Amino acid sequence: MPELPEVEVTRRGIASVLQGLRIEAVVLGKPLRWPLGIEPQALAGRTVAEVQRRGKYLLLVLDAGMLLVHLGMSGSLRWRPGPPPPGPHDHFDLVTAQGTLRLHDPRRFGAVVYVQGLQDPRARKLLGRLGAEPLSEGFLFEDWYAALRQSRQAIKPLLLSGRVVVGAGNIYACEALFRAGIRPTTPAARIGPVRARRLYDALRAVLGEAVDCGGTTLRNFSGAGGDAGHFQEYAQVYGREGQPCRTCGSPVRMLRQGQRSSYYCPHCQRA
DNA sequence: CAGTGGGCCTGAGTGC
DNA sequence: TGCACTCAGGCCCACT
């Protein structure tokens, strides 16, 4: 599940190759989550200026307009020389003379959306309510702590919502809470400054380390070069229900919050 | 307004 | 072996 690290790994893999390239054609497969929002042929002739990231969105900034790319649950982008024939799960090709950027997404929760700029209503709708970038210098502990005090939600769904801080999906939210020693069910407002600081540090550490690992490959994520990530080898609780905690040996527990599984160690995460 | 739960989609895994 | 069923989950949206 592409979370912030997987998207950032993808961005790093395509940014330098795409920069300055001219789009020859855009080829669509089956419908993705949202319509592209422009006729594909209207993109031919434009060039890619740079590739940015905001939360779990990739921003392909063109000389005019930009493409917002979301990998959803099962999406991955790959850069390949030449125009290989599309498979049944390839739903977006950005074709250049030097190679093709391809979105492969079996579940089609992903999307590519054209907007004129960040002020485009569609961009504002998708990006406008996103919280802070956890790895940026603009993510301040004071703001984080203040936001926690203001929320009546349990900390885990608050992390997943992306409203305070973006980028953590189920895996990294579970892992960050484990490192901070905080239960997924703890109301955000009941987390004091010391524990809030621990979670703030843990979130940044987990996401940063995952980027360095090339992301997490559980089923089929791979970077733009096709290489798998290996952060999953370092997971302490995620997906480990019933197995001994690597710190204290207690069996890892799983509970449901909303429709999501939360994994935690009842001993290391006391409250 | 904040918070909760439904639904999108398909491959992998499970049980009979 | 094969079929029916459940699960995985990011995120928008309808609803409370």
Side-chain angles (χ1 to χ4, degrees), chain A residues 1-10 28-37 53-59 68-77 86-92 103-113 115 121-131 133-134 146-177 184-190 203 207 210 215-222 228-229 231-232 235 237-242 254-263:
Chain A
M1 320 334 120
E3 303 179 31
L4 184 151
E6 290 73 31
V7 177
E8 177 60 20
V9 166
T10 300
L28 303 181
K30 287 189 198 169
L32 292 164
R33 176 161 192 178
W34 301 302
L36 179 60
R53 181 187 56 76
R54 176 71 178 101
K56 297 171 189 170
Y57 287 89
L58 282 172
L59 282 56
L68 308 182
V69 181
H70 198 292
L71 299 178
M73 282 283 310
S74 57
S76 58
L77 282 173
H89 300 307
D90 298 328
H91 306 303
F92 179 91
L103 175 64
H104 176 85
D105 187 5
R107 274 170 240 188
R108 290 192 284 131
F109 278 29
V112 182
V113 173
V115 294
R122 240 175 139 205
R124 297 180 73 134
K125 189 167 193 176
L126 294 174
L127 307 178
R129 286 192 179 175
L130 296 183
E133 283 291 332
L148 291 192
R149 306 297 309 192
Q150 255 180 298
S151 171
R152 265 171 287 156
Q153 265 186 302
I155 184 62
K156 170 85 178 328
L158 183 66
L159 278 173
L160 290 183
S161 78
R163 280 179 20 242
V164 176
V165 61
V166 296
N170 212 24
I171 300 171
Y172 299 119
C174 288
E175 294 300 317
L177 286 167
T185 47
T186 301
R190 290 222 201 104
L203 190 59
L207 293 173
T216 297
T217 298
L218 281 188
R219 286 182 180 77
N220 49 21
F221 171 79
S222 65
F231 183 82
Q232 65 276 7
V237 287
Y238 182 83
R240 300 191 64 245
E241 184 186 13
M254 192 265 272
L255 60 83
R256 294 257 165 205
Q257 291 177 288
Q259 317 296 347
R260 297 289 174 289
S261 306
S262 294
Y263 299 88

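Model, not experiment: these values are computed from the prediction. Just so it is clear: chains get the letters A, B, ... in the order the sequence lines come, proteins before strands, and each one is counted from 1.
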Whole-Å distance, Gln259(A) CD to dC13(C) P, equals 18 Å

Are any side-chain N or O atoms of His70(A) and backbone N or O atoms of Ala111(A), one a donor and one an acceptor, separated by less than 3.5 Å? no

Arg260(A) side chain to Leu160(A) main-chain N or O, any donor-acceptor pair under 3.5 Å? no

Scan Arg152(A) against the nucleic acid and name what it touches under 4.0 Å (heavy atoms): base, sugar-phosphate only, or nothing. sugar-phosphate

Just checking Arg152(A): does its CZ atom have more than 12 heavy atoms from other residues, nucleotides or ligands closer to it than 6.0 angstrom? no

From CZ of Arg122(A) across to P of dC13(C) the rounded distance in Å is 11 Å

Looking at every strand, decide which applies to Ser161(A) at a 4.0 Å heavy-atom threshold: base, sugar-phosphate, or nothing. nothing

Phosphate OP1/OP2 of dG10(C): any His70(A) side-chain N/O under 4.0 Å: no

Under 4.0 Å between a side-chain N or O of Lys125(A) and OP1 or OP2 of dC13(C)? yes

Rounded to whole angstroms, how far apart are NE2 on His104(A) and C1' on dG11(B)? 10 Å

Taking N and O atoms by type only, does the side chain of Arg260(A) place a donor or acceptor under 3.5 Å from a partner on the base of dA8(C)? no

Does dA8(C) have OP1 or OP2 sitting under 4.0 Å from an N or O in the side chain of Arg256(A)? yes

Separation of Arg107(A) atom CZ from dC7(C) atom P, in whole Å? 14 Å

For a quick check of understanding: with a heavy-atom distance under 4.0 Å over all strands, which category does Arg129(A) fall into, base, sugar-phosphate or nothing? nothing

Taking atom P of dC7(C) as reference, at what distance in whole Å does atom CE of Met254(A) sit? 9 Å

Whole-Å gap separating C1' (dA8(C)) and CD (Glu3(A)): 12 Å

Out of dT4(B), dT10(B), dG10(C), minimum distance to the side chain of Gln153(A) belongs to dT4(B)

Can you check the Met73(A) CE to dG11(B) P distance for me, whole Å? 13 Å

5' precedence on DNA chain B between His89(A) and Gly258(A) (nearest-nucleotide basis): Gly258(A)

OP1 or OP2 of dG3(B) versus the side-chain N and O atoms of Ser151(A): is any pair under 4.0 Å? yes

Whole angstroms only, please: what is the CG-P distance between Leu159(A) and dC11(C)? 13 Å

If you compare every side-chain N and O of Arg163(A) against the phosphate oxygens of dG3(B) (OP1, OP2), does one of them come in below 4.0 Å? yes

Assign each of Ala154(A) and Arg33(A) the nucleotide of DNA chain B bearing its closest heavy atom; nearer the 5' end lies the nucleotide of Ala154(A)

When you get a sec, tell me which of dA8(C), dC11(C), dT10(B) is the closest nucleotide to the side chain of Tyr57(A)? dC11(C)

Arg190(A) CZ: over 12 foreign heavy atoms closer than 6.0 Å: no

Find out whether Met254(A) and Arg240(A) are in side-chain contact, i.e. whether some heavy atom of one side chain is under 4.5 Å from a heavy atom of the other. no

Does dC9(B) have its OP1 or OP2 closer than 4.0 Å to a side-chain nitrogen or oxygen of Ser74(A)? no

Rounded to the nearest 0.5 angstrom, the CG-CD distance for Leu71(A) and Glu3(A) is 11.5 Å

For a quick check of understanding: with a heavy-atom distance under 4.0 Å over all strands, which category does Arg108(A) fall into, base, sugar-phosphate or nothing? sugar-phosphate

